Amino acid sequence: IQDIKDLEYQIDKIIDQKDNNLLCLNSDCQNKKCKFHRVCFNDNEEKYEYEIIKKEELKEELSKIRYPLYFLDFESYSSIYPRFVGEVPYDKHVFMYVLLCQKSENEPLEKYVYIAKDNINDYRFDLFNSLTEYINPQGTIIVYNESFEKGRIKEAANLFPQIRDKLLMLNDNILDLLVVLRGHKNN
């Protein structure tokens, strides 16, 4: 997927597909109603359709997207022992992010990566500060499972008051693809 138009095209293609060979990829649900795929088979091997994506709701969510687009993913680890100021046992310590940016519809993606130089020093401030420098607060930040990214950003905002406002502004612009594809937040 190269841009948001390509994403819309791919979703339309999936929604409009009426292929008898499209089976649920989850082997546990071949013989029961599958809530993740459009075409399934019941116990009698009869095909039935199950609406997993509500096209109008999806288009409404996609209409909220504003350029520049940012695709963000954090990597973290947990430690039984707090290693740095502000940590407690089993905290998620962010040591890396990958940020893809598309400034406008026809521009290519730019890639930004931050990886902590070692596991001895605390690089969290540098990591989150650099993130605020790359992201234009007017754009949309797209993630998959917003609770993780939002949680780490909120923790960093509490830990680093000097960049708190910038970080919390990021959380206001996050769009969760998981929510978009499932159709609502309570699924």
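Numbers for residues simply follow the sequence, beginning at 1. In this text, all values refer to a predicted model and were calculated from it rather than measured experimentally.
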For Tyr81, the other hydrophobic cluster members (4.5 Å side-chain criterion, sorted by chain and number) are Ile80, Tyr90
Phe84: partners by ring pair (Phe, Tyr, Trp, His ring centres under 6.0 Å), with sequence neighbours left out: His93
Going by side chain to side chain contact (heavy atoms under 4.5 Å, CB included), name the residues that satisfy it together with Lys64, two or more places apart in sequence or in a different chain. Glu61
Derivation and outcome, side-chain hydrogen bond (donor to acceptor under 3.5 Å, both in side chains), residues Ser147 and Asn145: CA-CA 6 Å; Ser147 64; Asn145 193 8; 3.1 Å; yes
Quick check: does any side chain N or O of Asn173 sit under 3.5 Å from a backbone N or O of Pro137, one acting as donor and the other as acceptor? yes
For Phe128, the ring pair (Phe, Tyr, Trp, His ring centres under 6.0 Å) test, sequence neighbours excluded, returns Phe74
Judged by atom type as modelled, is there a donor-acceptor pair below 3.5 Å linking the side chain of Thr140 to the main-chain atoms of Arg66? yes
Who passes side-chain hydrogen bond (donor to acceptor under 3.5 Å, both in side chains) against Tyr114, sequence neighbours left out? none
Please enumerate all residues that pass ring pair (Phe, Tyr, Trp, His ring centres under 6.0 Å) together with Tyr123, with sequence neighbours excluded. none
Sequence neighbours excluded - side-chain hydrogen bond (donor to acceptor under 3.5 Å, both in side chains) pairs with any residue from residues 69-80: Tyr77-Arg83
For Val88, which residues count as a side chain to side chain contact (heavy atoms under 4.5 Å, CB included) partner, sequence neighbours excluded? Asp91
Look at the side chain of Arg124 and the backbone N and O of Ala156, then say whether any donor-acceptor pair between them is shorter than 3.5 Å. no
Looking at residues at least two apart in the chain, or sitting in another chain, which of them share a ring pair (Phe, Tyr, Trp, His ring centres under 6.0 Å) with Phe148? none
Apply side-chain hydrogen bond (donor to acceptor under 3.5 Å, both in side chains) to Tyr112 and list each qualifying residue two or more places apart in sequence or on a separate chain. Glu110
Applying side-chain hydrogen bond (donor to acceptor under 3.5 Å, both in side chains), name anything that partners Asp126, two or more places apart in sequence or on another chain. none
Counting only N and O atoms by type, is there a donor-acceptor contact under 3.5 Å from the side chain of Gln102 to the main-chain atoms of Glu105? yes
Selection residues 153-171 - residue pairs positive for side-chain hydrogen bond (donor to acceptor under 3.5 Å, both in side chains), sequence neighbours left out: Arg152-Glu155, Asn158-Arg164
